[in-house]
Amino acid sequence: MTLIDWIGSLAALITTASFIPQAWQTFRTRDVSGISLGMYSLFTVGVALWLVYGILLMAWPIIIANTITTTLALMILVMKLRYR
């Protein structure tokens with residue numbers, strides 16, 4: 001792996017890991033009252049587009065991180081729609 005790959009992998013790991021505690025709390029409590037539907041919808045579309053971008057580039061750090069984040073974001077978005 002090159003230095004660029006290491007930096008990308010570390011960035012992907014940190015940003016994905018930072019999202020997990022909030023997602024876990026939301027799944028555990030089912031409290032979505034503080035989540036903006038508009039913001040979360042845009043966030044989810046944005047992360048999904050990063051995933052497509054990573055796939056087109058075959059950039060595994062981007063693909064792995066955004067697969068995880070897109071999945072979690074979609075789950076929270078579904079909860080927001082279901083429990084509002």
Exercise for review: Report yes or no: do Leu72 and Met39 belong to one cluster of Ile/Leu/Val/Met/Phe/Trp/Tyr joined by side chain heavy-atom distances under 4.5 Å?
Suggested key: yes

Check your understanding: Which is it for Tyr40 and Leu81 under the side chain to side chain contact (heavy atoms under 4.5 Å, CB included) test, yes or no, and what are the steps along the way?
Key -> CA-CA 11 Å; Tyr40 226 80; Leu81 293 169; over 6 Å; no

Practice item. Work out which heavy atom in Leu77 is nearest to a heavy atom in Ser41; give both atom names and the distance. Key: CD1-OG, 3.7 Å

**Study point:** Spacing of CG belonging to Leu13 relative to OG belonging to Ser18, to within rounding of 0.5 Å
**Key:** 9.5 Å

Review point. About how many Å separate CG of Asp31 and CE of Met79, when rounded to the nearest 0.5 Å?
Key: 9.0 Å

Study note, to complete from the structure: In short, Lys80 meets Ser33 closest at the heavy-atom pair NZ-O, 4.3 Å

Point to revise | Chi angles and distances behind the side chain to side chain donor-acceptor pair (under 3.5 Å) call for Thr2, Asp5 | key: CA-CA 5 Å; Thr2 67; Asp5 292 329; 3.2 Å; yes

Exercise for review: Compare every heavy atom of Ala12 with every heavy atom of Pro61, then report the nearest pair and how far apart it is.
Suggested key: O-CB, 3.5 Å

Review point. What is the minimum heavy-atom distance between Leu51 and Ile63, and which atoms define it?
Key: CD1-O, 3.5 Å

Exercise for review: Pick out which of Ile68, Thr67, Ile64, Asn66 makes a side chain to side chain contact (heavy atoms under 4.5 Å, CB included) with Thr16.
Suggested key: Ile68

Point to revise | From Phe27 atom CZ to Gln22 atom CD, the distance as rounded to the nearest 0.5 Å | key: 10.0 Å

Revision key, fill the gap. For Gly54 and Ile62 the tightest heavy-atom approach is CA-CG2, 3.5 Å

Revision key, fill the gap. Heavy-atom nearest pair, Ala17 first then Pro21, reads O-CD, 3.1 Å

Exercise for review: Apply ring pair (Phe, Tyr, Trp, His ring centres under 6.0 Å) to Tyr53 and Trp50, showing your working.
Suggested key: CA-CA 5 Å; Tyr53 178 72; Trp50 272 113; 5.5 Å; yes

Exercise for review: Decide side chain to side chain contact (heavy atoms under 4.5 Å, CB included) for Trp24 and Phe19; before the verdict, give the C-alpha distance in whole Å, the side-chain angles of both, and the deciding distance to 0.1 Å.
Suggested key: CA-CA 9 Å; Trp24 177 252; Phe19 188 74; over 6 Å; no

Point to revise | Heavy-atom neighbours of Leu56 CG exceed 12 at 6.0 Å | key: yes

Exercise for review: Indicate, with yes or no, if Phe43 and Tyr83 share a hydrophobic cluster defined by side-chain heavy-atom contacts under 4.5 Å among Ile, Leu, Val, Met, Phe, Trp and Tyr.
Suggested key: yes

Exercise for review: Show the numbers, then the answer: is there a side chain to side chain contact (heavy atoms under 4.5 Å, CB included) between Ile35 and Ile76?
Suggested key: CA-CA 9 Å; Ile35 295 174; Ile76 292 171; 3.6 Å; yes

Practice item. Treating Ile, Leu, Val, Met, Phe, Trp and Tyr as nodes and any side-chain heavy-atom pair under 4.5 angstrom as an edge, say whether Met75 and Val47 lie in one connected cluster. Key: yes

